[in-house]
Amino acid sequence: MTVLQIVALALVAVGAPAVVAARDPLRQAFVASFYGLLLGVLFFAFAAPDVALSSIVIGSVALPTIILLALAKIGDKDS
Amino acid sequence: MSFLPFAIAIWIFLVGLYGVVTSHHLVHLVICLSVVQSSTYLLLLGIGYRTNGAASIFVDIPPNTKAVDPVVKALTLTDVVVGAAVTALLLALAVQAQKRFGTLDPDELDPLRD
Amino acid sequence: MSPGEGPARRRDSEISLATRRRLFLVSGAVLAALMTWALAGMPAFGDYHGIYGLLLNRVAVPQEHATNVITAVNFDYRGFDTLGEEFILFAAVLGLALILRERRDEEEGPPDDDAVGRQVSGASVAVRLITVALVGPTVLLAGYIIAHGAITPGGGFQGGVIAATALLFVYLGGEYLALRRIRPLPLVEITKATGAAGFVLIGIAGLIWGVAFLDNWLPKGTPGDVFSAGTMQLLSVAVGFEITGGFVLILSEFLDQTIVLRRRRGVRSG
């Protein structure tokens with residue numbers, strides 16, 4: 001295995017507990033966005049560029065947006 | 001050393017599952033669920049990888065070069081996109097739970113209440 | 001059971017957090033051991049034996065004239081599975097729209113602000129400029145990735161999501177209510193349904209033509225050209241439509257919830 005793959009795997013292995021440990025959902029949305037980017041790097045290191053593209057677009061853009069919107073609705077409830 | 005990707009997949013699965021089990025907030029729970037899903041992507045891609053294989057796209061390399069398995073990549077690709085939509089559905093459920101029960105703590109959501 | 005008694009009883013019979021954690025550690029350890037045992041029996045990383053994948057790599061380019069084997073797998077060899085995945089997405093978005101629709105005790109109105117008497121301000125000039133400038137190239141990029149899906153990495157799935165983010169730019173840069181004029185909800189729903197139905201119809205057209213469902217029956221050009229892979233391009237476009245429509249619908253349902261739906265003054269829901 002190449003060094004890039006080992007480094008990517010290590011980063012993802014650290015990133016997953018970071019996502020779980022961020023208990024406040026607002027912070028967690030941003031950590032999850034960064035985790036999507038790390039996953040994209042890992043998939044790229046595994047010779048899967050289109051899966052990496054998919055992961056970066058979804059995990060870094062679409063998913064945090066949805067989370068933030070859901071949070072905005074929840075926080076806004078007592079109007 | 002060649003077991004490392006699978007070991008990391010197991011680790012991510014368990015970490016995400018721990019997050020789901022000990023969560024205090026429904027939104028946090030849903031995001032941890034998506035972390036568990038990501039461990040399956042890693043597992044799938046780890047299965048299909050061939051050492052020093054190129055990506056299965058033959059635009060600029062001759063068609064007989066050693067390439068990784070395309071089937072698992074196709075599966076993971078659709079999985080990532082559809083998984084995000086399902087996560088959105090779960091978040092909508094969380095929003096409605098907040099509206100209906102007034103709380104987002106899974107411990108307080110008693111199914112027999114009301 | 002009187003109301004005062006209910007919560008106290010519930011807390012007594014509940015598993016405490018510490019117990020839950022300990023229980024999880026034990027069962028998690030067992031699960032980890034079982035999974036490690038299962039995965040240790042697999043071929044080592046990098047030593048892939050599967051015949052199907054190797055065969056596809058060799059056969060896909062001459063047979064389908066598509067250089068991106070993954071898209072060929074998605075839209076041709078395993079097109080039926082992609083149909084299933086597409087409908088999962090469709091059902092998820094449908095469920096979301098159903099859950100978040102306007103309820104009896106809510107009404108539509110302009111966005112509020114928490115401070116009394118202050119209206120929601122629009123975005124600053126810099127943000128508006130950048131987002132408006134970025135919408136066009138993003139849509140173009142999405143179209144490029146969808147159209148070239150059979151040749152270079154990409155395809156309907158990625159391109160569809162990128163197109164949905166282009167619409168997100170419009171929301172970020174402008175007034176939300178102006179966005180609703182650009183993006184009428186029925187149009188989005190029609191787009192999504194067209195994509196889903198288009199996929200099935202192209203497959204059925206193959207049936208009418210005399211070959212198997214979802215078989216690649218259009219004439220194929222030379223590999224490396226844009227229009228070289230037959231029905232795969234059309235299916236890619238159909239999927240792109242559906243995913244764009246789906247994600248825009250998701251985003252708009254949530255945005256509607258946040259900004260437009262307000263509880264009717266004085267009426268509390270159950």
Side-chain angles (χ1 to χ4, degrees), chain A residues 1-10 12-13 16-17 19-21 23 25-26 28-30 32-37 39-79, chain C residues 44-46 48 68-71 73-74 93 96 99-100 106 109 111-114 138 141-142 145 148-149 152-169 171-172 176 243-244 246-248 250-265 268-269:
Chain A
M1 290 207 298
T2 66
V3 177
L4 181 62
Q5 287 171 349
I6 297 181
V7 169
L9 278 172
V12 167
V19 174
V20 170
R23 292 277 163 173
L26 188 59
Q28 199 184 22
F30 290 102
S33 158
F34 194 64
Y35 181 68
L37 188 62
L39 273 185
V41 170
L42 178 65
F43 294 154
F44 190 68
F46 274 21
D50 35 2
V51 185
L53 179 60
S54 198
S55 170
I56 289 174
V57 174
I58 292 263
S60 301
V61 177
L63 199 62
T65 309
I66 296 175
I67 297 172
L68 283 174
L69 289 177
L71 282 176
K73 175 50 192 170
I74 289 172
D76 190 50
K77 177 201 181 298
D78 336 292
S79 59
Chain C
F45 178 64
Y48 175 67
N68 184 354
V69 182
I70 300 139
T71 311
V73 169
N74 247 336
V93 177
L96 188 142
I99 293 177
L100 292 182
E106 292 172 339
D112 261 354
D113 205 341
D114 280 336
T138 309
L141 180 68
I145 289 188
H148 285 245
T152 51
F157 282 96
Q158 295 98 322
V161 182
I162 295 180
T165 60
L167 213 89
L168 192 59
F169 276 138
Y171 159 65
L172 283 175
Y176 178 61
I243 293 197
T244 308
F247 271 96
V248 168
I250 291 178
L251 292 174
S252 355
E253 286 293 337
F254 274 117
L255 283 171
D256 274 349
Q257 280 285 290
T258 314
I259 295 187
V260 172
L261 289 179
R262 279 287 177 280
R263 192 160 284 154
R264 195 164 291 155
R265 306 277 177 246
R268 311 292 298 172
S269 77

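Side chains included, hydrogens not; waters and symmetry mates left out as well; all remaining heavy atoms used. The sequence lines fix the lettering, A, B, ..., with proteins before strands; numbering per chain opens at 1.
Nearest heavy-atom pair across C:Q158 and A:D50 is NE2-O, 3.0 Å.
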Decide yes or no on side chain to side chain contact (heavy atoms under 4.5 Å, CB included) for C:F157 and A:I58, but give the supporting numbers first. CA-CA 10 Å; C:F157 282 96; A:I58 292 263; over 6 Å; no
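When the candidates A:L53, A:V61, A:V51, A:I56 are compared by the number of heavy-atom contacts under 4.5 Å with chain C, A:L53 comes out ahead.
Heavy-atom distances place both the backbone and the side chain of C:I162 under 4.5 Å from chain A.
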